[in-house]
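Report on one structure; see the data block that follows.
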There are 2 protein chains.
Amino acid sequence: MENERDNQAPKKAGGRRPGSGRKLGTGNYLEPTTVLRVPVSQKPVLIDFLEAYAKKQRAQSSRANLDGIGDFELLPKELSKLDISLYQSKVAAGFPSPADDHVEKRLDPNEYLIDQEESTFFVTIQGESMLEAGLLPGDKAVVDKSKTAEVGDIVLAMVDGEFTIKTLAKQKDGNPKLLPANSSGKYTPIIITGEMQFEIFGVVIGSFRRFK
Amino acid sequence: MENERDNQAPKKAGGRRPGSGRKLGTGNYLEPTTVLRVPVSQKPVLIDFLEAYAKKQRAQSSRANLDGIGDFELLPKELSKLDISLYQSKVAAGFPSPADDHVEKRLDPNEYLIDQEESTFFVTIQGESMLEAGLLPGDKAVVDKSKTAEVGDIVLAMVDGEFTIKTLAKQKDGNPKLLPANSSGKYTPIIITGEMQFEIFGVVIGSFRRFK
DNA sequence: ACATTTTTTATTGTTACAATAATCAAATGG
DNA sequence: CCATTTGATTATTGTAACAATAAAAAATGT
């Protein structure tokens, strides 16, 4: 029973195969991994981060064997604008996603801001009279002309041929009154009398702005 | 003779003790944990993040909630398109004519507010610390994480595990500083030191809100 | 009554494991 | 002989399991 080779068995490809098998560093991160205990609520956050990290690593490795010239680098416009790179390394750089108790929802600004497209228009805020209502010069006010204005609403009104955005209020005599939202005293309430031309064009249901 | 303890062997405290044992949620994060496999190079980074998170959780459990950040909101897969008229409120029409005469241009809030969809998300403003920058509680801040933060920008940052929206400034020593926009004195600047965990998540490029 | 010991249960870092994926060698088939 | 298939082998990876520790209350001792 020294040699069984000649014994015609359905020959399997037996024996060990040195050098075979999956190669080191062929995982998702191109580096070894370890396990870490994390709070369950943070798991999705961390997974998101790790995905971004993995993507970055893989992108870098594929770029590595391309030859050619490197990036051009310009001097920063302002030297030492801010030295935050040091801190960034302390924590996950470029954390893209929502974190901790912050629930993730999806939001479309257009849907959020506009109820009825056909009756809505925008107006650019000019003065500072509604500053304390959070309307700064340059802000775009969302005006819906189909909505009925109630006391307390911010409205776009025309008074004697002039457009204005103010808070609608009522006088004792029942006539309307337009209140600024600015306690500096620079703006005074507009008291509407019977002789004045007055029309409410719409209700300001929202606003938006760009900072940068 | 009711006492027979004298010639007994050293007694053990036997028997079961219902209700005993460590209480749930008494761990580092005050919540259950799980394990996650991570690349070894990122382990210290993640541990740092988790430490900050744990610190925040423990702090929150004791003290009440000061101003912070509300939910994160992502953009929908597909943003809606709109084309709505924009008027200038300064146009002083001498006539109570329909405002349609003063059309300036057509505007889509989504296009106006968002530069790069894939790097943008929304955050709900919580406190009044940025009141004077026109950010009221409940407002949605538009955050673009692909933009580079510069001094003077309003940024979404994380400081020791806590999110905050503040104006980015610089200390004399070059370290960053986060300034509130509220002169009431209720909010103080956040001075970043080397020991603090600090990261800028993105630049607030805009905001929007609903009034009604 | 108070301090100490014992028992119980949760936490937590690490190891183990099983399923999967990647890779090469041998076998197979033209 | 070369391309393809099959099988063996090894790394990866998510999860389960474990042991040591920590925390909390009951039981006991003084």
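Values in this document were obtained by computation on a predicted structure and should not be read as measured data. In what follows, every chain begins at residue 1, and chains take the letters A, B, ... in the order their sequences are listed.
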Distances under 3.5 Å between protein N/O atoms and the N/O atoms of nucleotides 18-21 of chain C, please, pair by pair.
none

Overall bend of the helix from C:dA1-D:dT30 to C:dG30-D:dC1 (five pairs an end, 10° steps) is 20°
When rounded to whole Å, the CG to C1' distance for the pair A:L30 and D:dT13 reads 15 Å
Expected rows: protein N/O vs nucleotides 13-15 of chain C N/O, under 3.5 Å:
| from | atom 1 | to | atom 2 | distance (Å) |
| --- | --- | --- | --- | --- |
| C:dG13 | N7 | A:R37 | NE | 3.2 |
| C:dG13 | O6 | A:R37 | NH2 | 3.0 |

Rounded to whole Å, the CG-C1' distance (B:L24 to D:dA25) equals 15 Å
Contacts of B:T148 meeting side-chain hydrogen bond (donor to acceptor under 3.5 Å, both in side chains) (sequence neighbours excluded), chain-then-number -> none
Sorted by chain and residue number, the ring pair (Phe, Tyr, Trp, His ring centres under 6.0 Å) partners of B:Y112 (sequence neighbours excluded) come out as A:F208
On DNA chain C, more 5' by nearest nucleotide between B:T33 and A:K23 is B:T33
Taken in chain and number order and not counting sequence neighbours, the residues that satisfy side-chain contact (heavy atoms from CB on, under 4.5 Å) with B:E132 are B:A181, B:N182, B:S183
Residue set satisfying side-chain hydrogen bond (donor to acceptor under 3.5 Å, both in side chains) with B:K212, at least two apart, ordered chain then number -> A:D153
Residue set satisfying salt bridge (charged side-chain N to carboxylate O under 4.0 Å, His left out) with B:R37, at least two apart, ordered chain then number -> none
Hits for salt bridge (charged side-chain N to carboxylate O under 4.0 Å, His left out) against A:K147, two or more places apart or cross-chain, chain-then-number order -> A:D115, A:D144
Hits for side-chain hydrogen bond (donor to acceptor under 3.5 Å, both in side chains) against A:E150, two or more places apart or cross-chain, chain-then-number order -> none
By side-chain hydrogen bond (donor to acceptor under 3.5 Å, both in side chains), B:T34 pairs with (sequence neighbours left out) none
Taking every heavy atom of B:L113 against every heavy atom of A:R209, the minimum-distance pair comes out as CD2-O, 3.3 Å
Sorted by chain and residue number, the salt bridge (charged side-chain N to carboxylate O under 4.0 Å, His left out) partners of B:K43 (sequence neighbours excluded) come out as none
B:E31 atom CD is separated from C:dA10 atom C1', nearest whole Å, by 14 Å
